[in-house]
Amino acid sequence: MIARSTVTEASAPHPRATTTLFGHGGAERTLLDAYRSGRIPHAWLIGGAPGIGKATLAYRMARFVLAHGNPATSEVQLAETLELDPMHPVSRHVAADTHGGLLTLERTPNEKGVMRTVISVEQTRETITFFGSTAAAGDWRVCIVDTVDELNPNAANALLKVLEEPPRRSLFLLVSHAPARVLPTIQSRCRKLMLRPLATEDVIGAVAEAARIAPDDASLREAADAAEGSVARALALVGGGALKLHQRTAALLDNLPQVDPVELHALGDALGGSDRAALGAFVDSVDRWMGDRLRDGDANANLPRLARLAEVWEKIDNAVRETETYNLERKPLVFSVFGLLAEATR
């Protein structure tokens, strides 16, 4: 899957500071029921497409458990959702990333300020110290991994060791965009909770709240319709410019292996500059197009072509990462991507 950092960082607040959950009431009920039973599984693999609220649900669960450490209390037993008042001390500490009972593993910037492409083994080893330290009596410790897909192999093995011997009153919430690709040994130690893409109305509600725009805004409706159930995609597209770029990219992709050189130059020019939302819209459009072709039910009829597409996808992923990491010119990236795709689809 192509790197999505430019897509998800456009204007969405961090999930730790997002208190409203849209469209996943059933999954929320599953977590709540498991917790108040007193026998909650120690690890959950929360899977689904990017940008649909998986991490938001994970943080919502973490806040609830950290605020209500005893599942037998009436507050837990009578609760209808995992909602916690944003002004509650736990909510404020989680939002500020200062709660001592919560550890989050996610990609971080390197010494040059560039976002790393993986979660390192050094970060993952923090779980050993975190769960090994002495907690106050009755306190829970929660670890959120956002996302487990971004653990490098050594980091994944380090996490597995902790999952194999979970400390008492520990809870692991592993977020994944591609749960089937997670190490089988990690999968086997988790309860799986799969989330579906959001309905358009839920996307509109989530984006309106996150971006502070009116729910009846015409550009919001158009972006939500094109987002395929992803709040992150809608946030990247809302406003008009990125949406138009997405539509232009999609039109060129649908015409492959033929490429209109005039339109390709125009797309390259439109992608110029340093607009992160524009690059995010381009990357996301290519990613979705590639994913659709590789998941096509008829794709197995032409296995060599399928193999070429998978190989090209990896090359494009590397090219995108280099462009983002070294802030390279984007027009050559556009020509490279369409050159590779045109060759692979002939």
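In this structure, R141 forms a cation-pi arrangement with F130, its terminal cationic atom sitting closer than 6.0 Å to the ring centre and no more than 45° off the ring axis.
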(request) List the steps and the verdict of side-chain contact (heavy atoms from CB on, under 4.5 Å) for L183 and N157. (result) CA-CA 9 Å; L183 281 178; N157 287 326; 4.0 Å; yes

(request) Give the C-alpha distance, both sets of side-chain angles, the deciding distance and a yes or no for side-chain contact (heavy atoms from CB on, under 4.5 Å) between L243 and V238. (result) CA-CA 7 Å; L243 181 60; V238 74; over 6 Å; no

(request) Evaluate side-chain contact (heavy atoms from CB on, under 4.5 Å) for W289 paired with T249, printing each intermediate quantity in order. (result) CA-CA 10 Å; W289 186 89; T249 304; over 6 Å; no

(request) Go through the steps to decide whether L174 and L159 satisfy the test side-chain contact (heavy atoms from CB on, under 4.5 Å), and finish with yes or no. (result) CA-CA 10 Å; L174 314 184; L159 177 64; 4.2 Å; yes

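When side chains are defined from C-beta on, F22 does not count as touching V231, because their heavy atoms never get closer than 4.5 Å. In this structure, L103 and I144 have side chains that are not in contact, with every pair of non-hydrogen atoms separated by 4.5 Å or more. Within the 4.5 Å cutoff, no side-chain heavy atoms of N70 are placed close to those of V76. For the pair M194 and P179, the minimum side-chain heavy-atom distance is below 4.5 Å. Contact of the L271 side chain with the K331 side chain is not registered, since no non-hydrogen atoms from C-beta on lie closer than 4.5 Å. By the 4.5 Å heavy-atom criterion applied to side chains, D139 and R169 are not counted as neighbours. Counting only heavy atoms from C-beta outward, the side chains of T81 and F64 never approach each other to under 4.5 Å. In this structure the side chain of W313 never reaches within 4.5 angstrom of the side chain of V286, judged on heavy atoms.
At a cut-off of 3.5 Å, with distance as the only test, a side-chain donor of T98 or H93 sits close to an acceptor on the other residue. Side-chain N/O atoms of T104 and Y59 include a donor and acceptor closer than 3.5 Å. Side-chain contact check for H177 and T147: no donor-acceptor pair (N or O, by modelled atom type) lies under 3.5 Å. A donor and an acceptor atom, one from each side chain of H68 and Q77, are nowhere located under 3.5 Å apart.
Note on I128: it clusters hydrophobically with L163, by side-chain heavy-atom contacts below 4.5 Å among ILVMFWY residues. Residues Y35 and V175 do not share a hydrophobic cluster, defined by chaining ILVMFWY side chains whose heavy atoms lie under 4.5 Å apart. The hydrophobic clustering, which links ILVMFWY residues whose side-chain heavy atoms are closer than 4.5 Å, places L195 and L32 together. Hydrophobic clustering places L160 together with L105 (ILVMFWY residues linked when any side-chain heavy atoms are closer than 4.5 Å, directly or through intermediates). Residues V90 and I40 share a single hydrophobic cluster, defined by chaining ILVMFWY side chains whose heavy atoms lie under 4.5 Å apart.
Checking side-chain atoms of S230 against main-chain N and O of P50 turns up a donor-acceptor pair under 3.5 Å. Remark: the backbone N or O of L82 is paired with a side-chain donor or acceptor of E28 at under 3.5 angstrom.
The two residues P13 and A210 have their closest heavy-atom pair at CD-CB, 3.6 Å.
Taking OG from S285 and CD from Q247, the interatomic distance works out to 9.5 Å, rounded to the nearest 0.5 Å. Distance check, rounded to the nearest 0.5 Å: CD of E228 to CZ of R233 gives 5.5 Å. Separation of atoms CG (N152) and CD1 (I119) is listed at 9.0 Å; rounding is to 0.5 Å. Distance CD/Q123 to CZ/R107: 10.5 Å, rounded to 0.5 Å.
In summary, R16 and E106 engage in a salt bridge, as defined by a charged side-chain N under 4.0 Å from a carboxylate O. A salt bridge links E201 and R221; the closest N-O separation between the charged side-chain nitrogens and carboxylate oxygens is under 4.0 Å. A salt bridge between D149 and R181 is absent, with no side-chain N of the basic residue lying under 4.0 Å from a carboxylate O of the acidic one. A salt bridge links E311 with K315: the distance from a Lys NZ or Arg NE/NH1/NH2 to an Asp or Glu carboxylate oxygen falls below 4.0 Å.
Ring planes of H265 and F335: perpendicular class, angle over 60° (limits at 30 and 60°).
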